[in-house]
Number of protein chains: 2
Amino acid sequence: MRLSTTSEYAIRSLVYMASCGPELCSVKHLSEKLDIPYKYLGRLMATLGNAGLISSTRGKNGGYTIDKPLSTIRLLDIVQIVDGLDNFDRCLLGFPECNDDDPCPMHDFWKEHNEGITEMITNVSLAEILASKSKKF
Amino acid sequence: MRLSTTSEYAIRSLVYMASCGPELCSVKHLSEKLDIPYKYLGRLMATLGNAGLISSTRGKNGGYTIDKPLSTIRLLDIVQIVDGLDNFDRCLLGFPECNDDDPCPMHDFWKEHNEGITEMITNVSLAEILASKSKKF
DNA sequence: TACATATTCCACCCTGAGGTAGGAATTATG
DNA sequence: CATAATTCCTACCTCAGGGTGGAATATGTA
């Protein structure tokens, strides 16, 4: 019942970048601010860049920036790029066919939570997350 | 947002055993009925036995049986034995200190789902699961 | 040129899932 | 009673994938 470490890194990095506005964030800066391994974060940011979620600038004073409206970047998009969506909207016992008509033994107990989480990651965007009162990244 | 494969195996096996009543279930029988790798299931059942959740009988016509009231075996107990509880009641972004007073950026969005799931696995027992109308194991 | 930064390739460690090989206990059967 | 069959049990081995670090390369700025 958790995200992968990589997804955690990605979300935290993007939330921090969003909080910094349009200015460039280098991997080194992000790594130090968020206490994320530098090399690993470098590759993760490249992945997010290749997916079109962020854009990069090389050379001195380079870095990454978010060049899309924050409300268009949903949690779902981030997780999908990093980990895929196989672990979401999934039968708790792993049955490929599990629904109201042909439920697994856990279906009735799992359904509401599964749907709630799926709805949450689908609808929550960086804009909503930034509006929270958190002091952490 | 899923259980480990091993936890899935454990729950499915115990639900099936519960549905069989007090009679012995061999690993071979369970493996074939539930389509779970034989050797892997053997070790898993031994683990559940060592933890006291089920009891074993060796020799011909031997197997495993549940000798406790089904209402006393909670989903939490099963998952705890197999995987531990580190992945439950956990901050979505991995912060060790995350609560209403010092929340992470995702806290407000994750809290209700986290609490709901924790409450579900804590309160649902094999007795309730057996009462469901599922035809799968 | 010198430096800072992104980007890519390779090697490593740990864990989960699964397999191989045998030992220990109990029962069926000649 | 003796032996074979069945079953639990335990110790290692393999393999893939996630997370990590080192090193080298590409690309831009001062």
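Chain A is the first sequence line, chain B the second, and so forth, proteins listed ahead of strands; every chain is numbered from 1.
Checked for salt-bridge contact, B/Lys133 and A/Asp108 meet the test: a charged N lies under 4.0 Å from a carboxylate O. With salt bridges taken as basic N to acidic carboxylate O contacts below 4.0 Å, one links B/Lys111 and B/Asp100. Using a cutoff of 4.0 Å between basic side-chain nitrogens and carboxylate oxygens, A/Arg12 and A/Glu8 are not scored as salt-bridged.
Whole-Å rounding puts the B/Tyr38 OH to C/dA17 C1' distance at 18 Å. Residue B/Ile54 contributes atom CD1, which lies 16 Å from atom P of D/dT7 at whole-angstrom precision. With rounding to whole Å, A/Leu48 atom CG is found 13 Å from C/dA6 atom P. Spacing between atom CD of B/Glu8 and atom P of C/dG16 amounts to 15 Å, rounded to whole angstrom units. A/Leu41 has its CG atom 15 Å from the P atom of C/dT8, to the nearest Å. Taking atom NZ on A/Lys39 and atom C1' on D/dG22, their separation rounds to 7 Å, with Å as the unit. Separating the CG atom of B/Leu3 from the C1' atom of C/dG16 is a distance of 14 Å, rounded to the nearest angstrom. B/Leu44 has its CG atom 12 Å from the C1' atom of C/dA17, to the nearest Å.
A/Asn61 has no side-chain polar atom (N or O) that falls below the 4.0 Å cut-off from OP1 or OP2 of D/dG28. Between A/Thr6 and the phosphate of D/dG18, there is no side-chain N or O to OP1/OP2 separation shorter than 4.0 Å. Phosphate proximity of D/dG19 to A/Tyr40: present, with a side-chain N or O under 4.0 Å from OP1 or OP2. Checking the phosphate oxygens (OP1, OP2) of C/dA25, no side-chain nitrogen or oxygen of B/Thr57 falls inside 4.0 Å. Within the structure, every side-chain polar atom (N or O) of A/Tyr9 is placed at least 4.0 Å from both OP1 and OP2 of D/dG19. Considering only side-chain N and O atoms, B/Ser56 lies nowhere under 4.0 angstrom from the phosphate OP1 or OP2 of D/dC8.
Of all the heavy atoms in A/Glu23 and A/Thr65, the pair that sits closest is O-OG1, 4.0 Å.
Of the two residues contacting DNA chain D, namely B/Lys28 and B/Arg43, the nearest-nucleotide position lying further toward the 5' end is that of B/Lys28. Judged by closest nucleotide on DNA chain C, A/Lys60 is the one of A/Lys60 and A/Ala46 placed further toward the 5' end.
Ring planes of B/Tyr16 and B/His29: tilted class, angle from 30 to 60°.
B/Gly49 comes within 4.0 angstrom of no nucleic acid atom, judged by non-hydrogen atoms across all strands.
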